[in-house]
Asker: 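Quick one: the structure is below, questions incoming.
Both ligands and their constituent atoms are indexed starting at 1 by order of listing.
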Amino acid sequence: MSSTVLVGTQWGDEGKGKICDLIAGQFDCVVRYQGGNNAGHTIQVGERKYGLHQVPSGIMYPDCISVIGNGCVVNPAVLLEEIDMFERDGISTKNLKVSGNAHIIMPYHMDLDGAYEQLLGDHSIGTTKRGIGPCYQDKMARIGLRMQDMLDEGVFREKLGRALDRVNPQLEKIFGLATYTVEQICADYLPMAERLRPYIAETGRLLNDMVDAGKKILFEGAQATLLDIDYGTYPYVTSSNCTAGGAVTGTGVGMKNMDRVLGIMKAYITRVGEGPMPTELAYETPEGHTLTEQGYEYGVTTGRRRRCGWFDGVIANYAARVNGLTDIALTKLDVLGAFDTIKVCVAYEVAGERYTTVPEHEEHFANAVPVFEELPGWKCDISACRSFDELPAPAQAYVRRVEELAGTKVSFVSVGPDREQTIVRDWK
Ligand code: GDP
Ligand code: IMO
Ligand code: MG
């Protein structure tokens, strides 16, 4: 058993939280490496169900260290809400650590997120409006504030003042929005800093010490490959590197310590927000409606209805290459039990040319027409199956077809939201 990077392979919400929670007990530590409270990862153990935004999905295991890595952006109020929720439920957060180098989401980041979206009008991205883009923007512009800055009032005030010198004119002059004073933000943030003080740590060193001591780490990605700032459907993406490479820069652990890359792949496709999606089925079609409602495809973070479509093998193959997948967890296979036949996209046609990998030019991807293959359905409930042999033959054939298209073995098949509702095929 080895350290593993867990990544989303489509447009998010593939069931990363479920699979992360399922295997977290095999690891000494789970670390989130990018993103912020735009993520919504569901974990369900029996009657208990949580939608996690910032806390890693290993929190249910008392001996597992949970780390929010330096590549993440943190909304302190949301983090404290999550900490309080777990403590109330008797789930200890004493093993939670937050990188001092993670950037802080400020109130003006959320204001600007909304303002940019409004300005884009018909071209808006459909962000979660959690301030993610503007926070990463400040990180790159080198005017961001980090968790470590919260620990020293003088430093916090000084850096905040400099940030506001750049942010306030934008808020006021470009968008006609209210500005902020240092006092105002300090009144909110400094008490939170005191509560968060015990959690803030040098997580790069902590993680590397764990590696040196032979401990196993699970790197938990948020969002997904097609939402990655470099490899996704730009500009309809999030503002971080969600792909496996982000695990290196987002934690400070060297890549030689990451042996496996587990891609979480839904048995069909969903997307929330704007941007191209070649296999999309309108909600109004019977198939689109069935996928949405049987799969209960509504966002954990914003409650928005997710767009649904047939499985896209071109994306699967792309995700396998971009992340270097060694394994796949195929999720929500149970949802396809509703169909007589199931379509799978095996290629795109774009301007008379056939593509079996994602075209790099955004216009080509936007105009991609899917080439479908039709596979027989199984028309039954598979949510009680616990071994591959118990699956009906057409469901087994579907899994094998996914493996062929992705060029990667399917090591887990998920047949329901609960931890137990999983077929472990090839994972030690
Ligand atoms: P994440 O963001 O990748 O962690 O995924 P989300 O939690 O946002 O969305 C996945 C949803 O599907 C959640 O409601 C899960 O409880 C649910 N889920 C996960 N795996 C399965 C599965 O195999 N079958 C079904 N029916 N639901 C699942
Ligand atoms: P998890 O981790 C699905 C989408 C938004 C929008 C785009 C940019 O639960 O899979 P942002 O607020 O990040 O600037 O929005 O990315 N998005 C997600 N979609 N799952 C997520 O997270 C997402 N996080 C962001 O809908 O299209
Ligand atoms: Mg989600």
Side-chain angles (χ1 to χ4, degrees), residues 6-22 32 34-45 49-54 56-57 72-73 75 105 109-110 112-114 116-117 124-137 220-229 232-240 242 263-277 291 293-307 329-338 381-383 385 412-423:
L6 182 152
V7 288
T9 58
Q10 297 153 334
W11 276 289
D13 305 325
E14 298 90 349
K16 295 178 289 296
K18 170 187 162 159
I19 302 296
C20 194
D21 167 69
L22 172 77
R32 275 274 310 269
Q34 45 67 236
N37 59 318
N38 48 347
H41 294 185
T42 314
I43 58 182
Q44 188 174 324
V45 188
K49 184 173 170 177
Y50 296 97
L52 305 186
H53 302 293
Q54 301 210 141
S57 302
C72 295
V73 289
N75 181 318
I105 301 175
H109 290 140
M110 290 174 267
L112 288 171
D113 198 350
Y116 293 153
E117 283 287 89
S124 71
I125 293 159
T127 73
T128 58
K129 303 224 175 89
R130 299 300 190 266
I132 306 299
C135 186
Y136 277 113
Q137 212 174 318
E220 179 185 11
Q223 291 79 51
T225 305
L226 275 295
L227 288 172
D228 182 285
I229 187 78
T233 47
Y234 193 89
Y236 300 99
V237 292
T238 191
S239 299
S240 62
C242 324
I264 315 301
M265 204 172 272
K266 213 179 268 195
Y268 49 98
I269 294 276
T270 63
R271 173 163 208 175
V272 60
E274 303 304 320
M277 178 178 169
L291 286 178
E293 298 306 330
Q294 300 279 328
Y296 192 68
E297 295 297 351
Y298 291 87
V300 178
T301 301
T302 58
R304 289 178 291 177
R305 190 170 75 206
R306 297 172 181 150
R307 300 154 64 192
L330 188 68
T331 60
K332 300 193 108 164
L333 190 66
D334 52 304
V335 175
L336 295 181
D381 180 4
I382 58 167
S383 62
C385 294
F412 296 91
V413 180
S414 175
V415 293
D418 200 89
R419 231 188 232 174
E420 303 298 318
Q421 292 175 302
T422 318
I423 295 168

Asker: Does the ring center of Y298 lie less than 6.0 Å from the ring center of Y296?
Answerer: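 When the ring centroids of Y298 and Y296 are compared, they turn out to be within the sub-6.0 Å range.
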
Asker: Where the closest heavy atom to atom 16 (O) of ligand 2 is concerned, which of T233, V272, L227 has it?
Answerer: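 Checking each option, the heavy atom nearest atom 16 (O) of ligand 2 is found in L227.
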
Asker: Within the structure, does G40 bring an N/O atom to less than 3.5 angstrom of an N/O atom in ligand 1?
Answerer: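 Yes; at least one N/O pair falls below 3.5 Å.
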
Asker: Specify side chain, backbone, both or neither for K16, according to which of its non-hydrogen atoms lie closer than 4.0 Å to ligand 2.
Answerer: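 For K16, only side-chain atoms sit under 4.0 Å from ligand 2.
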
Asker: Measuring from the heavy atoms of R130, does anything fall under 4.0 Å of ligand 2?
Answerer: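 Judged by the 4.0 Å heavy-atom criterion, R130 does not count as contacting ligand 2.
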
Asker: Please could you name the atoms of ligand 1 that S414 approaches to less than 4.0 Å, counting only its heavy atoms?
Answerer: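 Near S414, meaning under 4.0 Å from one of its heavy atoms, ligand 1 has 20 (N), 21 (C), 22 (C), 23 (O).
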
Asker: Please check: side-chain N/O of R307 versus main-chain N/O of G273, any donor-acceptor pairing under 3.5 Å?
Answerer: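 Checking the backbone N and O of G273 against the side chain of R307, a donor-acceptor pair under 3.5 Å is found.
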
Asker: Can you find a side-chain donor-acceptor pair between T422 and K18 that sits under 3.5 Å?
Answerer: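 T422 vs K18: donor-acceptor pair found between side chains.
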
Asker: Quick test: of every protein heavy atom, which one is nearest to atom 3 (C) of ligand 2, and how far off is it to 0.1 Å?
Answerer: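 Scanning the protein heavy atoms, the shortest distance from atom 3 (C) of ligand 2 goes to D13 OD2, 3.3 Å.
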
Asker: Could you tell me, atom by atom, which parts of ligand 2 come under 4.0 Å of a heavy atom of G126?
Answerer: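 Those atoms are 5 (C), 6 (C), 26 (O), 27 (O).
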
Asker: Using only heavy-atom distances, determine whether the side chains of Y268 and Q10 contain a donor-acceptor pair under 3.5 Å.
Answerer: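 Result is no, nothing qualifies.
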
Asker: Any side-chain heavy atom of Y116 within less than 4.5 Å of one from Q137?
Answerer: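 The answer is yes; the side chains approach within 4.5 Å.
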
Asker: Return the residue, atom name and 0.1 Å-rounded distance of the protein heavy atom closest to atom 15 (O) of ligand 2.
Answerer: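 Nearest neighbour among protein heavy atoms for atom 15 (O) of ligand 2, to 0.1 Å: T127 CA, 3.3 Å.
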
Asker: Are any of the N/O atoms in Q44 less than 3.5 Å from those in ligand 1?
Answerer: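 N/O-N/O distance below 3.5 Å does not exist for this pair.
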
Asker: Can R271 and T233 be counted as having a side-chain donor-acceptor contact under 3.5 angstrom?
Answerer: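 R271 vs T233: donor-acceptor pair found between side chains.
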
Asker: Between Y236 and ligand 2, which part of the residue brings a heavy atom under 4.0 Å of the ligand: side chain, backbone, both or neither?
Answerer: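 Y236 to ligand 2: no contact under 4.0 Å from either part.
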
Asker: Distance under 4.0 Å to a non-hydrogen atom of K18: what atoms of ligand 1 satisfy this?
Answerer: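 Listed by number with element, the hits are 20 (N).
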
Asker: Taking Q421 for its side chain and D418 for its backbone only, find out whether a donor-acceptor pair lies under 3.5 Å.
Answerer: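 Here the side-chain-to-backbone pair exists.
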
Asker: For ligand 2, which atoms have a heavy atom of G273 less than 4.0 angstrom away?
Answerer: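 What qualifies from ligand 2 is 27 (O).
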
Asker: Under 3.5 Å between some N or O of ligand 2 and some N or O of D113?
Answerer: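 So ligand 2 has no N or O lying under 3.5 Å from an N or O of D113.
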
Asker: With nothing but distance in play, are any N or O atoms of H41 less than 3.5 Å from an N or O of ligand 2?
Answerer: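 Such a contact does occur with ligand 2.
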
Asker: Taking 4.0 angstrom as the limit, do R305 and E293 come out as a salt bridge?
Answerer: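 No, no charged N to carboxylate O under 4.0 Å.
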
Asker: Under a 4.0 angstrom heavy-atom cut-off, which atoms of ligand 1 come close to G15?
Answerer: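 Here the atoms of ligand 1 in question are 1 (P), 3 (O), 4 (O), 5 (O).
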
Asker: Taking heavy atoms and a distance under 4.0 Å, where does I264 meet ligand 1: side chain, backbone, both or neither?
Answerer: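 Looking at I264 and ligand 1, no heavy atom falls under 4.0 Å.
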
Asker: Ignoring hydrogens and geometry, is there a side-chain-to-backbone donor-acceptor pair from Y136 to G35 under 3.5 Å?
Answerer: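 Confirmed, Y136 side chain pairs with G35 backbone.
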
Asker: Within less than 4.0 angstrom of ligand 2, does R306 place any heavy atom?
Answerer: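 Outside the 4.0 Å threshold, so no.
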
Asker: Are any of the side-chain heavy atoms of I229 and T238 separated by less than 4.5 Å?
Answerer: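 In short, these two side chains do not touch, never coming nearer than 4.5 Å.
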
Asker: Can you see whether D13 engages T270 through a side-chain donor-acceptor pair at a distance of less than 3.5 angstrom?
Answerer: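 Not at all, the side chains of D13 and T270 share no donor-acceptor pair under 3.5 Å.
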
Asker: Near V237, which atoms of ligand 2 are under 4.0 Å from a heavy atom of that residue?
Answerer: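 Contacts of ligand 2 toward V237, numbered from 1: 7 (C), 8 (C).
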
Asker: R306: heavy atom below 4.0 Å from ligand 1, yes or no?
Answerer: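 R306 counts as a contact of ligand 1 under the 4.0 Å cut-off.
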
Asker: Quick one: which ligand 1 atoms are inside 4.0 Å of a heavy atom on G17?
Answerer: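 Numbered from 1, ligand 1 contributes 4 (O).
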
Asker: Determine whether any heavy atom of G416 lies closer than 4.0 Å to an atom of ligand 1.
Answerer: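 Per 4.0 Å heavy-atom rule, G416 contacts ligand 1.
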
Asker: Could you tell me the residue and atom name of the protein heavy atom closest to atom 12 (O) of ligand 2, and the distance to it rounded to 0.1 Å?
Answerer: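 Atom 12 (O) of ligand 2 sits closest to the protein heavy atom T128 OG1, 2.5 Å.
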
Asker: Does a side-chain heavy-atom distance below 4.5 Å link I264 with T331?
Answerer: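 Touching, per the 4.5 Å side-chain cut-off.
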
Asker: Checking one value in my table: which N/O/S atom of D13 lies closest to the Mg ion (ligand 3)?
Answerer: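 Among the N, O or S atoms of D13, the one closest to the Mg ion (ligand 3) is OD1.
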
Asker: Judged by non-hydrogen atoms, does S239 sit under 4.0 Å from ligand 2?
Answerer: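 It does not; every heavy atom stays at 4.0 Å or beyond.
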
Asker: Please report which non-hydrogen protein atom sits nearest to atom 26 (N) of ligand 1, along with the residue it belongs to and the distance in Å to one decimal place.
Answerer: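 Result: D334 OD2, 2.8 Å.
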
Asker: Taking the side chain as every heavy atom from C-beta outward, state whether N38 and T301 have any pair of such atoms under 4.5 Å apart.
Answerer: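 The answer is no, as the side chains (C-beta and beyond) never meet within the 4.5 Å cut-off.
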
Asker: Using a strict 4.0 Å cut-off to heavy atoms of W11, name the atoms of ligand 2 that fall inside it.
Answerer: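 Going through ligand 2 atom by atom, the ones under 4.0 Å from W11 are 3 (C), 19 (N).
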
Asker: Please indicate whether any nitrogen or oxygen in Q223 is less than 3.5 Å from any nitrogen or oxygen in ligand 2.
Answerer: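 Yes, there is a polar N/O contact under 3.5 Å.
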
Asker: Within the 4.5 Å heavy-atom criterion, are N37 and I132 side-chain neighbours or not?
Answerer: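 They are in contact (side-chain heavy atoms under 4.5 Å apart), so the answer is yes.
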
Asker: Show which atoms of ligand 1 fall inside a sub-4.0 Å distance from at least one heavy-atom site of T42.
Answerer: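 With T42 as reference, the close atoms of ligand 1 come out as 4 (O), 6 (P), 7 (O), 13 (C), 14 (O), 15 (C), 16 (O).
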
Asker: Could you tell me whether ligand 2 has any atom less than 4.0 Å away from a heavy atom of G40?
Answerer: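 Yes.
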
Asker: May I ask you to decide if C242's main-chain N or O and D228's side chain share a donor-acceptor pair within less than 3.5 Å?
Answerer: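 Judged by distance alone, yes, a pair lies under 3.5 Å.
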
Asker: Using the side chain to side chain contact (heavy atoms under 4.5 Å, CB included) criterion, which residues pair with A39? Sequence neighbours excluded.
Answerer: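 Listed in chain order: R32, H41, A222, Q223.
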
Asker: For atom 3 (O) of ligand 1, what is the nearest protein heavy atom, given as residue, atom name and distance?
Answerer: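 Going by distance alone, atom 3 (O) of ligand 1 is nearest to K16 N, 2.7 Å.
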
Asker: Does G221 offer a backbone N or O that forms a donor-acceptor pair with the side chain of Q34 under 3.5 Å?
Answerer: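 Pair absent, no side-chain N/O of Q34 close to backbone of G221.
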
Asker: In the structure I gave you, are the side-chain heavy atoms of F412 and I423 within less than 4.5 Å of one another anywhere?
Answerer: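 F412 vs I423: side chains apart.
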
Asker: Residue-level breakdown please: for R304 versus ligand 2, do any non-hydrogen atoms fall below 4.0 Å on the side chain, on the backbone, on both, or on neither?
Answerer: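 For R304, the contact with ligand 2 is made by the side chain alone.
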
Asker: Is there a side-chain contact between S414 and L330, using heavy atoms and a 4.5 Å cut-off?
Answerer: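 Result no, sub-4.5 Å side-chain heavy-atom pair not found.
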
Asker: Are side-chain N/O atoms of R130 and T128 paired as donor and acceptor at under 3.5 Å?
Answerer: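 On atom types as modelled, these side chains do not qualify, holding no pair under 3.5 Å.
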
Asker: Under a 4.0 angstrom heavy-atom cut-off, which atoms of ligand 2 come close to I125?
Answerer: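 By the 4.0 Å cutoff, the relevant atoms are 8 (C), 27 (O).
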
Asker: When you measure from atom 13 (O) of ligand 2 to every protein heavy atom, which one gives the shortest distance, and what is it?
Answerer: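 So the nearest neighbour among protein heavy atoms is T238 OG1, 2.6 Å.
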
Asker: What protein heavy atom lies closest to atom 11 (C) of ligand 1? Include the residue and the distance to one decimal.
Answerer: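 The closest one turns out to be K332 NZ, 3.6 Å.
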
Asker: Is the shortest heavy-atom distance from the side chain of Q294 to the side chain of K332 under 4.5 Å?
Answerer: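 Not in contact.
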
Asker: For D13 and ligand 1, does the shortest N/O to N/O distance drop below 3.5 Å?
Answerer: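 Checking ligand 1 against D13, an N or O pair does fall under 3.5 Å apart.
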
Asker: Is the Mg ion (ligand 3) less than 2.8 Å from an N/O/S atom of G40, whether that atom is in the backbone or a side chain?
Answerer: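 Yes - counting backbone and side chain alike, G40 has an N, O or S atom under 2.8 Å.
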
Asker: Number the atoms of ligand 2 from 1 as they appear, then name those within less than 4.0 Å of a heavy atom of A222, with their elements.
Answerer: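 Numbered from 1, ligand 2 contributes 2 (O).
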
